[in-house]
S.K.: 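Here it is, the structure in full.
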Amino acid sequence: IPVSLAQQGTQPQSIKIEGDITLGGLFPVHSRGPAGVPCGDVKREKGIHRLEAMLYALDQINSDPDLLPNITLGARILDTCSRDTYALEQSLTFVQALIQKDNSDVRCSNGEPPIIPKPERVVGVIGASGSSVSIMVANVLRLFAIPQISYASTAPELSDNSRYEFFSRVVPPDSYQAQAMVDIVKAMGWNYVSTLASEGNYGESGVDAFLQISREAGGLCIAQSIKIPREPRPGEFDKIIKRLMETSNARGVIIFANEDDIKRVLQAAKKANLTGHFLFVGSDSWGAKSSPIQDQEEVAEGAVTILPKRASIDGFDQYFTSRSLENNRRNIWFAEFWEDDFKCKLTRPGIKYDPSRRKCTGDERISQDSQYEQEGKVQFVIDAVYAMAHALHSMHLDLCPGYMGVCEKMDPVEGRMLLQYIRSVNFNGSAGTGVMFNENGDAPGRYDIFQYQMSNVSNPGYKDIGQWTNHLRLNPEEMQWSGGDRRIPDSVCSFPCEPGERKKMVKGVPCCWHCELCDGYQYLLDEFSCDMCPFDMRPLPNRTGCRPTPIIKLEWSSPWAIIPVFLAILGILATTGVIGTFVRFNDTPIVRASGRELSYVLLTGIFLIYLITFLMIAEPSVAVCAFRRLLLGLGMCISYAAMLTKTNRIYRIFEQGKKSVTPPKFISPTSQLIITFILISVQLLGVFIWFGVMPPHTIIDYEEQKPPNPEFARGVLKCDMSDLSLMLCLSYSIVLMITCTVYAIKSRGVPETFNEAKPIGFTMYTTCIIWLAFVPIFFGTAQSTEKMFIQTTTLTVSMSLSATVSLGMLYIPKVYVIIFHPEQNVQKRKRSFKAVVQAATVSTHLSMKSSEKQNGESKIEPDRSQ
């Protein structure tokens with residue numbers, strides 16, 4: 001039995017298999033040794049299984065009459081001891097034949113030049129396993145143009161064709177794995193995750209690839225990117241969990257770590273009582289292994305893991321389980337494997353016998369006397385050897401057509417040319433899947449996706465939930481999470497905003513935002529901004545758009561309209577009654593004494609004042625607006641022009657009487673009517689000029705009823721009369737009213753029996769009070785949402801009241817006398833103008849003297865009989 005001295009620290013032997021063409025092989029037969037010792041214990045699966053897979057592949061190829069016929073493949077297989085520096089030393093064996101040595105000074109004892117055996121020339125290398133080992137070896141093999149095909153190295157940096165041009169691999173790089181993991185994260189609707197990486201090439205480059213792809217894809221943010229040190233201090237994993245909880249919304253954790261680190265992360269999460277919080281997405285180092293989650297199943301529940309698609313090779317199982325110490329002497333490390341696998345001891349030269357372990361019989365059988373499960377990368381080792389064989393076969397067909405064996409053109413094999421043939425291979429591998437390489441020497445990405453499930457399943461374990469071959473095919477219905485929940489948990493920084501809310505982004509974190517409601521009359525223009533609705537619109541209830549603002553007008557059924565209309569109807573009925581009475585008793589003394597002509601004019605004005613109420617409440621139209629302009633000031637103008645003419649006449653008569661007995665001019669009824677109509681014509685002229693400058697039309701005022709809450713916004717249909725134009729329309733009537741009031745004050749000394757001076761005076765005082773009250777109410781409600789209703793009602797009621805005061809003071813007493821006391825409605829003795837003036841003068845003089853008397857003295861009442 002060959003002896004391996006690997007564990008004694010001396011130069012280990014290598015496996016040499018003779019052949020026409022020699023392939024190199026690099027396998028981690030032993031683990032990394034303790035300080036000062038290059039190699040440790042034998043690695044049964046990752047070392048021996050993979051090495052035997054190469055030997056099995058060589059046997060298959062050499063026995064295949066169609067692949068490299070008449071050419072035997074040999075091998076030189078070395079142990080890397082899972083250490084990059086040690087592997088570099090070993091790999092120098094492959095390049096010895098290419099190093100030119102100067103032997104000119106060497107002579108044999110007889111003076112003849114020495115016969116130096118030609119060192120074996122390795123045309124290509126299968127390996128290595130770890131990415132850091134492959135990187136170290138690739139740098140040397142590149143110098144000597146020796147192609148290399150790895151079966152397990154997945155570091156993305158090995159895809160750099162400018163630095164590792166002779167490197168190819170039959171496993172997909174971690175960048176594909178990272179792409180698959182990004183696709184998984186996005187398929188689950190996550191946009192905010194953390195990453196965990198073991199320090200070293202595999203973890204760091206895997207996370208770097210994930211970060212780069214997620215940046216390019218967009219829509220995915222990294223909350224934290226944490227590195228697990230090579231030599232973690234006590235409490236390191238507790239700190240890592242604490243850091244992850246700083247961004248607790250990022251429940252998804254992408255983990256590129258070795259088995260030990262995965263296990264300790266799960267332990268720390270369990271210790272922190274965070275079972276079910278973190279949602280792990282594990283790389284192929286986690287895969288479908290049970291060792292990382294042992295005793296931590298509850299924490300690992302729901303973890304989604306990824307594993308390169310692979311199959312168990314039945315032929316290899318038959319081959320390997322039939323290996324024994326007798327039929328496998330070519331594997332110099334098989335004895336070590338045998339001892340480790342069967343927990344026994346062989347008697348070997350140089351090894352002290354250990355009585356604590358039983359002695360191996362040599363009759364033990366793999367899988368019968370020990371546990372056996374094919375190592376996951378066996379398929380890829382076989383594919384790597386076959387890829388090299390297919391490249392050599394194609395090269396032989398091109399360079400040595402019809403030649404049996406290796407021709408001169410392939411002796412030696414030119415490395416750069418072989419590389420081109422390797423990159424061109426395309427065949428079905430050992431698992432039935434295609435084996436090919438892209439321009440960077442990478443194999444296509446094919447991954448199985450698993451989820452660890454415990455709840456509601458008959459046998460807890462990893463369940464196949466999808467696959468990734470350049471694009472993701474995931475079965476969400478197969479997934480379940482902590483407690484058997486089938487709803488995919490959230491791992492997002494911010495939840496989507498409600499309708500009508502805009503996103504206010506957090507600076508530097510594109511997946512995080514605050515939601516702000518579009519307020520007032522704003523609607524959601526796009527995801528990030530609000531905009532004001534057009535002036536005639538208001539936002540929808542969910543603020544995703546705008547809708548027309550409802551248009552309102554003063555309805556007849558409104559309380560704001562009922563009261564003015566009621567007053568106006570009463571006023572119209574009363575006015576009509578007065579006019580009817582006057583017409584009926586037109587020639588009676590009271591009607592004649594009150595000045596029939598001006599009375600009818602004044603009553604017409606009062607009637608129009610009442611009538612304007614209906615126009616103010618009617619639905620605005622061009623005709624209604626025109627009549628509003630015309631009649632609003634006209635009714636008052638007619639009334640006050642008539643009253644002003646009357647008071648002016650009385651004043652002039654008695655003022656003239658103080659000076660002479662000649663009556664003043666223009667006191668006849670005809671003159672009075674002319675004066676009245678001249679005053680009225682000024683109002684009409686102003687209105688018609690207004691018509692010419694600005695024709696009447698309707699408008700919809702959207703500003704009047706625009707409260708903070710847009711639900712209550714209304715457009716008000718109204719005539720184009722502003723508050724100012726309305727007041728200007730009434731201003732002339734107000735001037736007439738004030739002038740009339742002044743004359744009423746001046747005529748206050750006229751005896752009551754002389755016409756209507758005092759009733760007109762009382763009418764004007766009351767009217768002034770009404771309009772003084774009207775102004776603050778009208779303008780004080782300008783900011784109210786009920787402005788139109790309040791102002792319309794205020795205006796119409798004020799006008800109706802002023803008309804009612806005029807009617808009540810001036811005409812109701814007369815009508816009362818005419819109807820109920822007709823005996824008083826008789827002709828009195830006529831007096832001349834001179835007598836009237838003298839009586840008035842005496843009356844005024846006496847009233848002035850009586851006011852000078854002391855209190856308590858008798859007052860002389862003037863004789864007011866006519």
Side-chain angles (χ1 to χ4, degrees), residues 535-536 549-556 558 560-561 563-565 567-568 605 607-641 680-706 713-737 770-803:
F535 75 96
D536 59 345
T549 302
I551 297 169
I552 60 164
K553 60 185 190 311
L554 187 54
E555 300 292 342
W556 293 102
S558 166
W560 296 106
I563 296 169
V565 167
L567 290 175
F607 185 85
L608 290 177
I609 290 173
Y610 285 125
L611 193 66
I612 195 68
T613 296
F614 296 95
L615 286 171
M616 294 302 291
I617 293 169
E619 182 176 339
S621 65
V622 174
V624 168
C625 292
F627 279 110
R628 275 192 196 177
R629 284 192 192 182
L630 182 65
L631 300 180
L632 185 63
L634 186 63
M636 290 176 66
C637 176
I638 291 171
S639 299
Y640 298 136
I680 293 168
S681 65
V682 174
Q683 172 77 18
L684 289 171
L685 180 64
V687 169
F688 286 121
I689 290 171
W690 187 11
F691 278 161
V693 173
M694 193 183 296
H697 61 276
T698 59
I699 58 168
I700 299 171
D701 189 345
Y702 291 98
E703 295 300 321
E704 185 172 307
Q705 289 203 27
K706 203 166 188 177
R714 298 291 183 270
V716 180
L717 178 65
K718 53 162 65 170
C719 290
D720 62 326
M721 292 175 68
S722 64
D723 294 349
L724 182 61
S725 62
L726 187 140
M727 293 312 295
L728 287 173
C729 186
L730 295 174
S731 60
Y732 180 63
S733 301
I734 292 168
V735 169
L736 292 177
M737 182 182 75
I770 290 169
W771 286 100
L772 283 172
F774 161 78
V775 171
I777 295 171
F778 188 86
F779 290 102
T781 56
Q783 303 303 317
S784 171
T785 53
E786 302 284 329
K787 171 187 169 183
M788 183 191 77
F789 305 143
I790 296 171
Q791 289 189 343
T792 302
T793 303
T794 306
L795 177 64
T796 52
V797 169
S798 297
M799 293 182 77
S800 292
L801 285 175
S802 61

S.K.: Can you confirm whether Y732 is buried at OH, in the sense that more than 12 heavy atoms of other residues, nucleotides or ligands lie under 6.0 Å from that atom?
M.R.: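 Yes, the 6.0 Å shell around OH holds more than 12 heavy atoms from other groups.
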
S.K.: Report yes if some heavy atom in the side chain of M799 is under 4.5 Å from a heavy atom in the side chain of L632; otherwise report no.
M.R.: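 Touching, per the 4.5 Å side-chain cut-off.
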
S.K.: Can you find a heavy atom in the side chain of L567 that is under 4.5 Å from one in the side chain of T613?
M.R.: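 When only atoms from C-beta onward are counted, T613 and L567 do not touch, as no gap falls below 4.5 Å.
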
S.K.: Flag the pair L608 / I612 as yes when at least one side-chain heavy-atom distance between them is below 4.5 Å, and no otherwise.
M.R.: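 Heavy-atom side-chain distance check fails, nothing below 4.5 Å.
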
S.K.: Measure the shortest side-chain to side-chain distance between Q705 and I552 over non-hydrogen atoms and say whether it is less than 4.5 angstrom.
M.R.: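 A side-chain contact under 4.5 Å exists here.
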
S.K.: Please give me the minimum heavy-atom distance between S733 and C637, naming the atom from each residue.
M.R.: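 Closest approach of S733 to C637, heavy atoms only: OG-N, 3.3 Å.
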
S.K.: Sub-3.5 Å donor-acceptor pair from the side chain of S558 to the main-chain atoms of L554, do we have one?
M.R.: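 Checked: no pair found.
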
S.K.: Kindly write out the residues that satisfy side chain to side chain contact (heavy atoms under 4.5 Å, CB included) with I551, not counting sequence neighbours, or none if the list is empty.
M.R.: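 Checked I551 against side chain to side chain contact (heavy atoms under 4.5 Å, CB included); matches are I700, Y702, L717.
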
S.K.: What is the distance from atom CZ of F627 to atom CE of M616, rounded to the nearest 0.5 Å?
M.R.: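 The distance works out to 15.0 Å.
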
S.K.: Report yes if some heavy atom in the side chain of I563 is under 4.5 Å from a heavy atom in the side chain of T793; otherwise report no.
M.R.: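 They are not in contact (no side-chain heavy atoms under 4.5 Å apart), so the answer is no.
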
S.K.: Among pairs that include at least one residue of residues 607-624, which meet salt bridge (Lys or Arg N to Asp or Glu O under 4.0 Å), considering only residues two or more places apart or in two chains?
M.R.: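 Listed by first then second residue: K553-E619.
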
S.K.: Could you walk me through whether S800 and I609 pass side-chain contact (heavy atoms from CB on, under 4.5 Å), step by step?
M.R.: CA-CA 7 Å; S800 292; I609 290 173; 5.6 Å; no

S.K.: Taking C-beta and beyond as the side chain, do L684 and L630 meet within less than 4.5 Å on heavy atoms?
M.R.: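 Side chain of L684 against side chain of L630, heavy atoms only: contact under 4.5 Å found.
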
S.K.: What pair of heavy atoms forms the shortest contact from P564 to V797, and how long is it?
M.R.: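 Looking at all heavy atoms of both residues, the closest pair is CG-CG2, 4.1 Å.
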
S.K.: Which pairs with one or both residues in residues 625-640 pass side chain to side chain donor-acceptor pair (under 3.5 Å), sequence neighbours excluded?
M.R.: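 Matches after skipping sequence neighbours: R629-D720.
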
S.K.: So do the side chains of L631 and L634 get within less than 4.5 Å of each other, counting heavy atoms only?
M.R.: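 Heavy-atom side-chain distance check passes, below 4.5 Å.
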
S.K.: Heavy atoms only: give me the nearest F614-A568 pair and the separation to one decimal.
M.R.: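 Taking every non-hydrogen atom into account, CE1-CB, 3.9 Å.
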
S.K.: Begin from the C-alpha positions of T698 and K718 and carry the test side-chain contact (heavy atoms from CB on, under 4.5 Å) through to its verdict.
M.R.: CA-CA 6 Å; T698 59; K718 53 162 65 170; over 6 Å; no

S.K.: Taking all heavy atoms of A626 and all of F691, pick out the closest pair and write down the distance.
M.R.: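 Shortest heavy-atom contact: O-CZ, 3.4 Å.
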
S.K.: For the residue pair W560 and Q791, establish whether any side-chain heavy-atom pair is separated by less than 4.5 Å.
M.R.: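 Not in contact.
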
